[in-house]
Amino acid sequence: DYAFYCCSLLNEITVPNSVVSICNWSFFNCSSLKKIEIPSSVKTIGESAFSKCTQLIELTIPSSVTKIGEFAFSGCISLCKISIPSSIKSLEKGVFSGCVGLNEAPIHSEINKIESLAFRGCSSLKSVIIPSSVTEIGEMSFYKCSSLAEITIPSKFQRNLHNKWLGIDEKIEINYI
(Lines give C-alpha, C1' and ligand atoms only; values in the text may rest on other atoms or scores of the structure.)
Protein backbone atom coordinates (compact mmCIF):
# COMPACT_ATOMS: atom_id res chain seq x y z
CA ASP A 1 0.00 0.00 0.00
CA TYR A 2 0.97 3.66 -0.60
CA ALA A 3 4.03 2.74 -2.73
CA PHE A 4 4.19 5.99 -4.75
CA TYR A 5 1.57 7.93 -2.77
CA CYS A 6 1.58 11.64 -3.73
CA CYS A 7 4.72 11.25 -5.82
CA SER A 8 4.04 14.39 -7.85
CA LEU A 9 7.19 14.17 -10.00
CA LEU A 10 6.50 10.65 -11.28
CA ASN A 11 5.37 10.96 -14.91
CA GLU A 12 5.87 7.46 -16.37
CA ILE A 13 6.24 3.97 -14.96
CA THR A 14 6.45 0.42 -16.22
CA VAL A 15 5.27 -1.96 -13.53
CA PRO A 16 7.67 -4.95 -13.31
CA ASN A 17 6.47 -8.43 -14.32
CA SER A 18 7.06 -9.62 -10.75
CA VAL A 19 4.14 -7.49 -9.48
CA VAL A 20 0.84 -9.37 -8.98
CA SER A 21 -1.14 -6.62 -7.28
CA ILE A 22 -1.20 -2.84 -7.51
CA CYS A 23 -2.08 -2.21 -3.89
CA ASN A 24 -4.43 0.33 -2.30
CA TRP A 25 -3.42 3.96 -2.81
CA SER A 26 -0.24 2.93 -4.69
CA PHE A 27 -0.27 5.84 -7.15
CA PHE A 28 -2.75 8.11 -5.37
CA ASN A 29 -2.30 11.77 -6.34
CA CYS A 30 0.65 11.14 -8.66
CA SER A 31 -0.43 14.32 -10.39
CA SER A 32 2.19 14.19 -13.18
CA LEU A 33 1.69 10.52 -14.09
CA LYS A 34 0.85 10.38 -17.81
CA LYS A 35 1.77 6.83 -18.75
CA ILE A 36 1.70 3.53 -16.92
CA GLU A 37 2.24 0.08 -18.34
CA ILE A 38 0.61 -2.71 -16.39
CA PRO A 39 1.98 -6.22 -17.09
CA SER A 40 -0.10 -9.37 -17.43
CA SER A 41 1.27 -10.58 -14.09
CA VAL A 42 -1.07 -8.13 -12.28
CA LYS A 43 -4.27 -9.75 -10.96
CA THR A 44 -5.75 -6.94 -8.86
CA ILE A 45 -5.81 -3.16 -8.72
CA GLY A 46 -6.51 -1.87 -5.24
CA GLU A 47 -8.73 0.80 -3.74
CA SER A 48 -7.86 4.34 -4.91
CA ALA A 49 -4.76 2.92 -6.63
CA PHE A 50 -4.74 5.63 -9.33
CA SER A 51 -7.10 8.12 -7.74
CA LYS A 52 -6.26 11.75 -8.58
CA CYS A 53 -3.70 10.90 -11.26
CA THR A 54 -4.85 14.04 -13.03
CA GLN A 55 -2.58 13.74 -16.10
CA LEU A 56 -3.40 10.12 -16.93
CA ILE A 57 -5.16 10.17 -20.33
CA GLU A 58 -5.44 6.57 -21.47
CA LEU A 59 -5.00 3.17 -19.84
CA THR A 60 -5.31 -0.45 -20.88
CA ILE A 61 -5.97 -2.97 -18.12
CA PRO A 62 -4.57 -6.43 -19.01
CA SER A 63 -6.91 -9.44 -19.14
CA SER A 64 -5.11 -10.95 -16.14
CA VAL A 65 -6.79 -8.38 -13.83
CA THR A 66 -9.90 -9.81 -12.16
CA LYS A 67 -10.64 -7.07 -9.62
CA ILE A 68 -10.43 -3.29 -9.63
CA GLY A 69 -11.01 -1.72 -6.22
CA GLU A 70 -13.34 1.05 -5.09
CA PHE A 71 -12.48 4.56 -6.31
CA ALA A 72 -9.46 3.11 -8.20
CA PHE A 73 -9.57 5.83 -10.88
CA SER A 74 -11.61 8.52 -9.13
CA GLY A 75 -10.54 12.06 -9.87
CA CYS A 76 -8.52 11.12 -12.97
CA ILE A 77 -9.83 14.23 -14.70
CA SER A 78 -7.83 13.76 -17.93
CA LEU A 79 -8.70 10.09 -18.38
CA CYS A 80 -10.69 9.88 -21.61
CA LYS A 81 -10.18 6.25 -22.58
CA ILE A 82 -9.82 3.10 -20.52
CA SER A 83 -10.01 -0.51 -21.69
CA ILE A 84 -11.49 -2.91 -19.16
CA PRO A 85 -11.00 -6.65 -19.86
CA SER A 86 -13.84 -9.18 -19.80
CA SER A 87 -12.23 -10.70 -16.69
CA ILE A 88 -13.69 -7.77 -14.71
CA LYS A 89 -17.24 -8.65 -13.64
CA SER A 90 -18.01 -5.74 -11.33
CA LEU A 91 -17.46 -1.98 -11.47
CA GLU A 92 -16.86 -1.14 -7.83
CA LYS A 93 -18.11 1.84 -5.85
CA GLY A 94 -16.91 5.16 -7.27
CA VAL A 95 -14.41 3.44 -9.60
CA PHE A 96 -14.60 6.25 -12.23
CA SER A 97 -16.06 8.95 -10.00
CA GLY A 98 -14.97 12.41 -11.14
CA CYS A 99 -13.40 11.26 -14.41
CA VAL A 100 -14.69 14.34 -16.22
CA GLY A 101 -12.84 13.51 -19.46
CA LEU A 102 -14.26 9.99 -19.78
CA ASN A 103 -16.53 10.10 -22.82
CA GLU A 104 -17.42 6.41 -23.00
CA ALA A 105 -18.52 4.18 -20.13
CA PRO A 106 -16.41 0.99 -20.21
CA ILE A 107 -19.29 -1.41 -19.54
CA HIS A 108 -18.69 -4.62 -21.49
CA SER A 109 -21.01 -7.61 -21.83
CA GLU A 110 -19.36 -9.55 -18.99
CA ILE A 111 -20.06 -6.90 -16.34
CA ASN A 112 -22.78 -8.06 -13.92
CA LYS A 113 -22.68 -5.32 -11.30
CA ILE A 114 -22.31 -1.53 -11.34
CA GLU A 115 -21.90 -0.27 -7.79
CA SER A 116 -23.05 3.07 -6.40
CA LEU A 117 -21.34 6.24 -7.61
CA ALA A 118 -19.41 4.26 -10.26
CA PHE A 119 -19.62 7.08 -12.83
CA ARG A 120 -20.51 10.02 -10.55
CA GLY A 121 -19.42 13.30 -12.08
CA CYS A 122 -18.35 11.86 -15.44
CA SER A 123 -19.54 15.02 -17.14
CA SER A 124 -18.36 14.05 -20.65
CA LEU A 125 -20.56 10.93 -20.88
CA LYS A 126 -23.30 11.58 -23.45
CA SER A 127 -24.96 8.18 -23.66
CA VAL A 128 -24.62 4.91 -21.79
CA ILE A 129 -25.63 1.40 -22.79
CA ILE A 130 -25.93 -1.10 -19.96
CA PRO A 131 -25.76 -4.69 -21.28
CA SER A 132 -28.21 -7.42 -20.26
CA SER A 133 -25.43 -9.15 -18.29
CA VAL A 134 -25.82 -6.49 -15.57
CA THR A 135 -28.01 -7.71 -12.71
CA GLU A 136 -27.39 -4.91 -10.21
CA ILE A 137 -27.01 -1.15 -10.55
CA GLY A 138 -26.10 0.83 -7.45
CA GLU A 139 -27.68 4.05 -6.31
CA MET A 140 -26.48 7.33 -7.85
CA SER A 141 -24.31 5.45 -10.37
CA PHE A 142 -24.61 8.31 -12.89
CA TYR A 143 -25.07 11.27 -10.53
CA LYS A 144 -23.80 14.60 -11.91
CA CYS A 145 -23.15 13.23 -15.41
CA SER A 146 -24.18 16.61 -16.79
CA SER A 147 -23.81 15.76 -20.52
CA LEU A 148 -25.72 12.48 -20.28
CA ALA A 149 -28.71 12.64 -22.63
CA GLU A 150 -29.64 8.99 -23.01
CA ILE A 151 -29.24 5.75 -21.11
CA THR A 152 -30.19 2.29 -22.33
CA ILE A 153 -30.99 -0.29 -19.65
CA PRO A 154 -32.18 -3.92 -19.77
CA SER A 155 -35.98 -4.13 -19.39
CA LYS A 156 -35.61 -6.27 -16.24
CA PHE A 157 -34.88 -2.99 -14.40
CA GLN A 158 -37.99 -1.19 -15.65
CA ARG A 159 -39.90 -1.54 -12.37
CA ASN A 160 -36.95 -0.96 -10.05
CA LEU A 161 -34.93 1.87 -11.54
CA HIS A 162 -35.85 5.46 -12.16
CA ASN A 163 -34.02 8.67 -12.85
CA LYS A 164 -33.70 9.58 -9.18
CA TRP A 165 -32.17 6.19 -8.25
CA LEU A 166 -29.61 6.50 -11.02
CA GLY A 167 -28.92 10.10 -10.01
CA ILE A 168 -29.82 11.47 -13.40
CA ASP A 169 -31.94 14.42 -14.50
CA GLU A 170 -35.62 13.80 -15.26
CA LYS A 171 -35.01 15.05 -18.83
CA ILE A 172 -32.64 12.20 -19.63
CA GLU A 173 -34.20 9.60 -21.83
CA ILE A 174 -34.22 6.05 -20.47
CA ASN A 175 -34.60 3.31 -23.07
CA TYR A 176 -35.36 -0.25 -22.01
CA ILE A 177 -34.17 -3.16 -24.15
Summary of ring-ring contact (aromatic ring centres under 6.0 Å, His included) pairs that have at least one residue in residues 88-115, sequence neighbours excluded: Phe73-Phe96, Phe96-Phe119
Do Val128 and Ile107 pass the side-chain contact (heavy atoms from CB on, under 4.5 Å) test, and can you show the C-alpha distance, the side-chain angles, and the key distance before you say yes or no? CA-CA 9 Å; Val128 172; Ile107 308 170; 3.9 Å; yes
Can you name the salt bridge (charged side-chain N to carboxylate O under 4.0 Å, His left out) partners of Glu47, sequence neighbours left out? none
Test of understanding: with salt bridge (charged side-chain N to carboxylate O under 4.0 Å, His left out), list the residues that count as partners of Glu104, not counting sequence neighbours. none
[X] with [Y], same ILVMFWY side-chain cluster at under 4.5 Å:
X      : Y      : result
Leu91  : Leu59  : yes
Ile38  : Val19  : yes
Val65  : Phe71  : no
Tyr176 : Ile114 : yes
Ile45  : Leu117 : no

Report yes if some heavy atom in the side chain of Asn24 is under 4.5 Å from a heavy atom in the side chain of Ser48; otherwise report no. no
Say you draw a straight line from [atom1] of [X] to [atom2] of [Y]; how long is it, rounded to the nearest 0.5 Å?
X      : Y      : atom1 : atom2 : result
Phe4   : Ile22  : CZ    : CD1   : 10.5 Å
Ile77  : Ser74  : CD1   : OG    : 12.0 Å
Cys6   : Lys52  : SG    : NZ    : 9.0 Å
Thr152 : Ile129 : OG1   : CD1   : 5.0 Å
Ile151 : Leu166 : CD1   : CG    : 5.0 Å
Arg120 : Ser97  : CZ    : OG    : 3.0 Å

Check step by step if side chain to side chain donor-acceptor pair (under 3.5 Å) holds for Ser63 and Ser87. CA-CA 6 Å; Ser63 60; Ser87 55; 5.9 Å; no
With no hydrogens and no angle check, just 3.5 Å: does a side-chain donor-acceptor pair link [X] and [Y]?
X      : Y      : answer
Glu150 : Asn175 : yes
Ser123 : Ser147 : no
Glu139 : Ser141 : no

For Ser64, give me all partners under side chain to side chain contact (heavy atoms under 4.5 Å, CB included), at least two apart in sequence or on another chain. Ser40, Lys43, Pro62
Indicate yes or no for a side-chain donor-acceptor contact from Ser116 to the backbone of Met140 under 3.5 Å, with no hydrogens or angles considered. no
Test side-chain hydrogen bond (donor to acceptor under 3.5 Å, both in side chains) applied to Ser21 - qualifying residues, sequence neighbours left out: Thr44
According to side-chain hydrogen bond (donor to acceptor under 3.5 Å, both in side chains), who are the partners of Lys126, at least two apart in sequence or on a separate chain? none
Could you tell me how the ring of Tyr5 sits relative to the ring of Trp25: parallel (under 30°), tilted (30 to 60°) or perpendicular (over 60°)? tilted
Report the C-alpha distance between Lys89 and Asn112 in whole Å, list the side-chain angles of each, state the deciding distance to 0.1 Å, and finish with yes or no for side-chain contact (heavy atoms from CB on, under 4.5 Å). CA-CA 6 Å; Lys89 307 299 185 205; Asn112 57 39; 3.7 Å; yes
Looking only at non-hydrogen atoms, find the nearest pair between [X] and [Y] and report the distance.
X      : Y      : value
Ala72  : Gly46  : CB-O, 3.8 Å
Ile153 : Ile137 : CG2-CD1, 4.4 Å
Pro154 : Pro131 : CG-O, 3.3 Å

Steps toward side-chain contact (heavy atoms from CB on, under 4.5 Å) verdict (Asn103, Leu125): CA-CA 5 Å; Asn103 53 32; Leu125 288 179; 5.7 Å; no
Step-by-step side-chain contact (heavy atoms from CB on, under 4.5 Å) determination, Thr54 to Leu33: CA-CA 8 Å; Thr54 56; Leu33 186 62; over 6 Å; no
Lys156, NZ: over 12 other non-hydrogen atoms inside 6.0 angstrom: yes
